[in-house]
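Here the structure is a predicted model, which means the values were calculated and not measured.
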Amino acid sequence: MARSSILLLALANSHSHGHHGHAVDYTHYVDELWTNVNYDHDTLHFTTVELHDFLVFADTNKDGSITRHEYVTAATKDAPDLTAFSHGLFDTFDANNDHHLTLDDTTALYDRMDSDGDGFITKPEFYTFWTNVLTSLAHTHGNGNLLG
């Protein structure tokens with residue numbers, strides 16, 4: 001399983017300095033995520049192919065659909081303390097709430113990240129989206145304390 005493909009491990013291998021009850025600056029987590037999943041090194045855009053590739057690691061039976069169990073198992077293999085966080089991420093990715101991640105969910109997630117609707121995810125859009133996700137899931141990762 002390629003380390004650069006796994007959001008959870010990218011975040012888990014970052015260094016955390018967050019403290020419960022204080023606002024956490026997630027910039028360093030998002031910096032590492034951008035570096036790890038933007039593998040074509042295009043400094044301006046994150047592509048649909050990169051988004052798909054960053055989720056496909058969890059399709060362990062290669063049927064084109066990622067179940068919650070597949071995702072959580074793959075994502076927490078090396079970070080079991082982040083099980084609640086991985087469930088929250090899955091819920092973020094599962095656009096139609098059917099408990100399976102498919103190409104439709106990937107497309108919907110890409111569209112949500114593309115806040116101006118121009119068909120491209122810029123670095124600022126990527127940072128805004130992931131900072132909002134990390135903030136909304138702060139209670140599941142100890143306000144950053146479990147991420148590093």
Side-chain angles (χ1 to χ4, degrees), residues 1-41 45-115 121-148:
M1 181 167 33
R3 180 177 216 132
S4 64
S5 298
I6 304 172
L7 165 65
L8 211 47
L9 293 180
L11 294 172
N13 287 318
S14 299
H15 298 287
S16 170
H17 300 289
H19 299 284
H20 186 69
H22 296 90
V24 178
D25 180 1
Y26 293 113
T27 303
H28 59 285
Y29 300 116
V30 181
D31 282 340
E32 187 168 339
L33 180 58
W34 173 264
T35 300
N36 288 332
V37 300
N38 187 17
Y39 60 80
D40 69 0
H41 305 292
H45 299 104
F46 179 62
T47 68
T48 56
V49 171
E50 290 167 323
L51 179 59
H52 174 267
D53 288 352
F54 126 101
L55 289 173
V56 77
F57 80 92
D59 186 11
T60 56
N61 65 2
K62 306 301 179 209
D63 68 352
S65 176
I66 302 166
T67 65
R68 178 181 296 274
H69 177 76
E70 283 178 307
Y71 180 81
V72 172
T73 299
T76 61
K77 180 181 176 190
D78 296 321
D81 290 346
L82 293 174
T83 298
F85 179 54
S86 67
H87 279 282
L89 287 175
F90 186 93
D91 291 339
T92 298
F93 304 152
D94 186 13
N96 61 4
N97 298 312
D98 68 352
H99 304 289
H100 291 84
L101 301 178
T102 64
L103 184 57
D104 290 341
D105 294 298
T106 304
T107 300
L109 178 60
Y110 192 87
D111 290 346
R112 285 180 37 221
M113 293 173 74
D114 179 19
S115 61
I121 297 174
T122 62
K123 193 171 184 177
E125 288 172 320
F126 185 93
Y127 273 65
T128 297
F129 178 84
W130 284 109
T131 298
N132 290 339
V133 167
L134 290 171
T135 300
S136 73
L137 295 175
H139 65 286
T140 66
H141 58 70
N143 292 312
N145 290 321
L146 297 177
L147 297 179

(request) Given side-chain contact (heavy atoms from CB on, under 4.5 Å), test Val72 with His87 step by step and report yes or no. (result) CA-CA 6 Å; Val72 172; His87 279 282; 3.7 Å; yes

(message) Rounded to the nearest 0.5 Å, what separates atom CG in Asp81 from atom OG in Ser86?
(response)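 If we round to the nearest 0.5 Å, Asp81:CG and Ser86:OG are 11.0 Å apart.
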
(request) Would you give the length of the straight line joining atom CD1 of Ile66 to atom CG of Asp105, rounded to the nearest 0.5 angstrom? (result)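 Nearest 0.5 Å value for the CD1-CG distance: 9.0 Å.
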
(message) Please verify the inter-ring angle class for Trp34 with Tyr127; under 30° counts as parallel, over 60° as perpendicular, anything in between as tilted.
(response)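 The rings of Trp34 and Tyr127 sit tilted, inter-plane angle from 30° to 60°.
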
(message) Parallel, tilted or perpendicular: which one describes the rings of Phe90 and Tyr71, with boundaries at 30° and 60°?
(response)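 Because their plane-to-plane angle lies in the 30° to 60° range, the rings of Phe90 and Tyr71 count as tilted.
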
(request) Step by step, work out the side-chain contact (heavy atoms from CB on, under 4.5 Å) result for Leu109 and Leu51. (result) CA-CA 9 Å; Leu109 178 60; Leu51 179 59; 3.8 Å; yes

(message) Run the side-chain contact (heavy atoms from CB on, under 4.5 Å) test on Thr106 and Thr48 for me, step by step, so that the C-alpha distance in whole Å, both residues' side-chain angles and the decisive distance to 0.1 Å come before the verdict.
(response) CA-CA 8 Å; Thr106 304; Thr48 56; over 6 Å; no

Does the side chain of [Y] come within less than 4.5 Å of [X]'s, by heavy atoms?
| X | Y | result |
| --- | --- | --- |
| Ile121 | Met113 | yes |
| Tyr39 | Asp53 | yes |
| Thr47 | Asp40 | yes |
| Tyr29 | Thr131 | no |
| Leu89 | Val133 | yes |

Can a donor-acceptor pair be found, under 3.5 Å and without considering hydrogens, that links the side chain of [X] to the backbone of [Y]?
| X | Y | answer |
| --- | --- | --- |
| His69 | Thr67 | no |
| Asn36 | Glu32 | yes |
| Thr73 | Glu70 | no |
| Arg112 | Thr92 | yes |
| Asp59 | Asp63 | yes |
| Thr128 | Glu125 | no |
| Asp94 | His99 | yes |

(request) Mind running side-chain contact (heavy atoms from CB on, under 4.5 Å) on Leu101 and Phe93 for me, showing each step along the way? (result) CA-CA 7 Å; Leu101 301 178; Phe93 304 152; 3.7 Å; yes

(message) So which atom in Val37 and which in Glu50 form the shortest heavy-atom distance, rounded to 0.1 Å?
(response)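 Heavy-atom minimum between the residues: O-CB, 3.6 Å.
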
(request) Of all the heavy-atom pairs spanning Ser65 and Thr102, show the shortest one and how long it is. (result)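 Heavy atoms only, the tightest pair is OG-CG2, 4.0 Å.
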
(request) Return yes if a side-chain donor-acceptor contact under 3.5 Å exists between Asp25 and Thr27, otherwise no. (result)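 Thr27 and Asp25 do have a side-chain donor-acceptor pair below 3.5 Å.
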
(request) Go through the structure and list residues passing ring-ring contact (aromatic ring centres under 6.0 Å, His included) with His45, not counting sequence neighbours. (result)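 Here the qualifying residues are Phe120.
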
(request) Could you check Trp130, Phe46, Tyr26 and say which one makes a side-chain contact (heavy atoms from CB on, under 4.5 Å) with Leu33? (result)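 Single side-chain contact (heavy atoms from CB on, under 4.5 Å) partner of Leu33 among Trp130, Phe46, Tyr26: Trp130.
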
